[in-house]
Amino acid sequence: MKDRLNREIIAMRVAKELQDGDVVNLGIGIPSLCSQFIPEGKTVIYHSESGVLNYGPMAEEGFEDQDLINASGQFLAPVDGMSFFSSSDAFAMIRGGHIDVTVLGALQVSKSGDLANWMIPSRGIGNVGGAMDLAVGAKKVIVAMEHNDKNGSSKIVNECSFPLTSKSCVSLIVTDIAVIQVVKSGLQLLECAPGWTKEDVQNETEVELIFEKGIKEFTL
Amino acid sequence: MKDRLNREIIAMRVAKELQDGDVVNLGIGIPSLCSQFIPEGKTVIYHSESGVLNYGPMAEEGFEDQDLINASGQFLAPVDGMSFFSSSDAFAMIRGGHIDVTVLGALQVSKSGDLANWMIPSRGIGNVGGAMDLAVGAKKVIVAMEHNDKNGSSKIVNECSFPLTSKSCVSLIVTDIAVIQVVKSGLQLLECAPGWTKEDVQNETEVELIFEKGIKEFTL
Amino acid sequence: MNKVFNSFDEAVSDIPDNSTLMIDGFAGPGGTSQNLIAALRNLGSKNLTIISNTAGLASVIGFGTLPGQTPVDIGVLVENNQVKKVIASFPVSPSPSRPTAFEKAYAKHEVELELVPQGTLAERIRAGGAGIPAFFTPTGVDTRVSEGKEIREFNGKKYVLETALKADFALIRAYQSDRLGNLVYKGTSKNFNSVMVTAATISIVEVDKIVETGAIESALIDTPLLYVDRIVEIKENNER
Amino acid sequence: MNKVFNSFDEAVSDIPDNSTLMIDGFAGPGGTSQNLIAALRNLGSKNLTIISNTAGLASVIGFGTLPGQTPVDIGVLVENNQVKKVIASFPVSPSPSRPTAFEKAYAKHEVELELVPQGTLAERIRAGGAGIPAFFTPTGVDTRVSEGKEIREFNGKKYVLETALKADFALIRAYQSDRLGNLVYKGTSKNFNSVMVTAATISIVEVDKIVETGAIESALIDTPLLYVDRIVEIKENNER
């Protein structure tokens, strides 16, 4: 079997998409790793549903403060120009279109960019959290995830079988084997992981991908 | 002609209605005078649509600050425990039922407690300001006004002919000749100004008033 | 006009069975009114409807919890069979091997759930406090959470009609209060707290410290006094 | 990511004809972006729709104005024939003998008016910034301002459906900004300013002082940086 990219490399590839001045909300899991990989010279502003804007590094050991957390429950370090606000304001920012990019994990992404990331039907219950608001409100939704689930099934599907988070919301999918863009006619393969051909990626993917010239190797 | 009470006495009578701990919004004109007449020992908290809670006296001459005003444009003095907020928050307080009493002026009040106080039709244009929100949102609406207009016509009418501010919102009317309560069956006379009989008050009033025993002289 | 209560027990003593409560906090112990929750557990009121972001998470997975601490959260009310229904956005544990007390009770059909997206939850609570009975939001359209609700288009985009949430009581943690009830929260402990405090008939607030009026600078006041009914100071010998 | 502009003229230079603008302030000069208004007057853009609490009041009746001052307000835009329509709650002078420029133009049918109750105006602007396209409010039911609008009952009480307001540009006065755009307002100059800054595609802010990031304590920040696009410092030799 070919090597798949690790979580850090996926996050590094996503980080390349973030522009100077972007306001970004990172979901839990792989998305939360992106903040480590912002190139010097770029200013990216992080937002969290816990009611904070412009946070930076995590708190050092011994300096954790239970009143300074992000939406993943990680302890944040105080930073100049950081601000705090209510949940209604935090989501006014999200729903009102003031977040440039959100990076979310996914259980399934469909051919038309539908996102399912909040509930595994077999569990019978799930956590919506802020995902539906982010999926519908952020100007750009990037999914960062493993390409296949634990059983090897494609998480990129023709139609989501899991309960939806939001329809037609995903712009870009970055996985451990490929970078795929959601376009009007479907899913277009942009980049393959080193050592992977477009046919290899297609073999792991339920949706028939669009190949145009210029498919590149993963670039960081 | 019998003597009518002056604006200060009307305001003094209204002030008697305010309870310890009440959050109160005072309209412009006679209502704005009420704050001078709160008995010692009672704490009344003032709210203004300009985005301030718990204001006190006006600023002394030479200490006026254009960033510290009430909704009448008066300069306020800074006070301990005063807070400032947005207009959306100021009206969330009003509409959400967090203001105990508002005292408003009126052009007309009807038999069923309808209030008209924002537009004289002949002018063709008017200012709504915060009056509609206050009339509909405050727990108790007290009208403080002169009983008759400049032409001597009753401002207490069977049906408002002026554009409405809000229907069935007024609880109590305090004028320069009487105190009248809005009850289910109509308008009940509670008090008359010194020297005025209930018949005198009725003569100045378009609405047929309800007289029950215990009509008192104006009490302060 | 005295809002200061001497004990948590006294401050919650009149919460009857069948009440609807808003309980604060994002998910961790920071910003969660742990002392009031414990007092409500001791009081034992039954058939409660709880509106909260989670249904008790920190106590099972240690979300936002400093090492060595064991936070009190809604889980203790669920375990004590006081809860009839939870309205929340994040009711279950992200770790299936460490389920919340709520999940276990839910599996046994002992408690009901209304699942609400987090932004819709916050906005419904704000609406409750702001006299707005209902509003349209894009969140949840074409998903399970909008099933059975009115959908309407504005400018070519679909929105769902959501209604306000109000409560009989709110249990709120803040950092400081002055004697009038003006509140300050610390950092990210402002999130649900500063909204819930506006939407309950009676808001009960536990604070690290009650200070004299004027000790909190006007520009620092997060919640104006009119939203606060009862204040209890957390005594030094209390660990939470 | 540089938000700092060197002049008011430069900061407003791309406001085209037919724009919708939110212009700040309650009614007096405090909290009114007088320098940006003057720059927009100099620029001369036509057919503007202005969303504001008043239509220019301080310049005629001295509302909230210190002795000897002559405030600049929306009146100068109306007088310069730049305004097509005003959406406001308090458009006319309370003193009929001193009418506003707007009233005179309105009497000559040169300008349109949409009259909105002040709380509905604030909430419609908040909704615009918060991604809420419409909401129900009790304000204005059974009055002229709800004519032709949907009325619906919730729990036996009638409410009117009101829609969000958004703008292409907002002109905002604040006290301080840091270099990232975090704002602080002074006292009662937070009212419409802190709401309008959220509801425009481009928010332009004039401030008494631009300070280094970190000079404004986190707990004092009123408007988080993401709502602010352009900042101009009011120079000392400028009187407004």
Side-chain angles (χ1 to χ4, degrees), chain B residues 28-29 48-52 55 59 61-62 64-76 78 82-97 114-116 118-120 122-137 163-169, chain D residues 26-32 53-54 57-58 61-67 69 71 88-94 96 102-103 106-107 113 115-123 125-127 129 137-145 158 175 185-196 222:
Chain B
I28 54 176
S48 173
E49 305 95 295
S50 62
V52 57
Y55 66 84
E61 218 185 300
E64 298 94 344
D65 177 354
Q66 64 174 16
D67 295 312
L68 201 47
I69 61 165
N70 66 14
S72 304
Q74 295 170 304
F75 298 106
L76 305 175
M82 191 176 212
S83 59
F84 306 111
F85 32 82
S86 70
S87 295
S88 53
D89 285 348
F91 283 91
M93 294 173 187
I94 292 172
R95 224 179 19 234
D114 297 353
L115 173 66
W118 70 272
M119 185 184 176
I120 301 169
S122 61
R123 197 167 175 196
I125 188 170
N127 287 321
V128 171
M132 285 190 184
D133 298 281
L134 283 162
V136 89
L164 284 188
T165 304
S166 180
K167 271 199 167 175
S168 306
C169 60
Chain D
F26 186 78
T32 296
N53 190 34
T54 77
L57 200 60
I61 66 158
F63 185 103
T65 306
L66 293 168
Q69 292 207 340
S89 90
F90 210 93
V92 305
S93 170
F102 170 81
E103 278 173 88
Y106 184 80
L113 171 65
L115 186 68
V116 183
Q118 196 172 132
T120 301
L121 183 65
E123 190 68 11
I125 298 167
R126 178 191 178 272
T137 174
T139 304
V141 167
D142 292 322
T143 77
R144 284 196 184 184
V145 302
K158 287 194 284 185
Y175 172 48
Y185 307 94
K186 246 177 146 172
T188 50
S189 292
K190 190 175 185 171
N191 41 45
F192 274 97
N193 304 26
S194 64
V195 195
M196 289 179 169
D222 290 314

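To find a chain, count down the sequence lines: A is the first, B the second, and so on, and within it residues start at 1.
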Using a 3.5 Å distance criterion without hydrogens, assess whether the side chain of B/Ser88 forms a donor-acceptor pair with backbone atoms of D/Arg126.
no
Do the non-hydrogen side-chain atoms of B/Phe84 and D/Lys186 ever get within less than 4.5 Å of each other?
no
Spatial distance of atom CZ (B/Arg95) from atom OG1 (D/Thr137) [nearest 0.5 Å]
5.0 Å
So for D/Leu113, is it side chain, backbone, both, or neither that comes closer than 4.5 Å to the heavy atoms of chain B?
side chain
Measuring heavy-atom distances to chain B, does D/Tyr185 have an atom under 4.5 Å in its side chain, in its backbone, in both, or in neither?
neither
Can you find a heavy atom in the side chain of D/Gln118 that is under 4.5 Å from one in the side chain of B/Met132?
no
Would you check if B/Arg123 and D/Val92 make a side-chain contact, meaning some heavy-atom pair closer than 4.5 Å?
yes
Looking at every non-hydrogen atom in both residues, tell me the closest pair between B/Ile69 and D/Thr188 and how far apart they are.
N-OG1, 3.0 Å
I'd like to check the side-chain contact (heavy atoms from CB on, under 4.5 Å) partners of D/Thr54; sequence neighbours left out, ordered by chain and number.
D/Ala27, D/Leu57, D/Phe90
Separation between CG of D/Asp142 and CG of B/Leu164, rounded to the nearest 0.5 Å
7.5 Å
Counting neighbours of CZ on B/Phe75 that are heavy atoms of other residues, nucleotides or ligands and sit closer than 6.0 Å, is the number greater than 12?
yes
Does some side-chain heavy atom of B/Ser86 sit less than 4.5 Å from a side-chain heavy atom of D/Asn191?
no
Quick one: list whatever passes side-chain contact (heavy atoms from CB on, under 4.5 Å) with B/Ser72, sequence neighbours left out.
B/Ile28, B/Asn70, B/Gln74
Over all heavy atoms of both residues, which pair between D/Phe26 and B/Glu49 is shortest? Give the atoms and the distance, please.
CE1-O, 3.5 Å
With a 4.5 angstrom heavy-atom cut-off, could you sort out which part of B/Ala135 is near chain D: side chain, backbone, both or neither?
neither
Atom pair CD1 (B/Ile125) and OG (D/Ser93), whose distance is rounded to the nearest 0.5 Å:
11.0 Å
Rounded to the nearest 0.5 Å, what's the gap from OH on D/Tyr175 to CG on B/Asp67? Could you check?
9.5 Å
Locate the shortest heavy-atom distance separating B/Val128 from D/Leu115; write the atom from each residue and the value.
CG2-CD2, 3.4 Å
D/Pro96 portion near chain B, given a 4.5 angstrom heavy-atom threshold
both
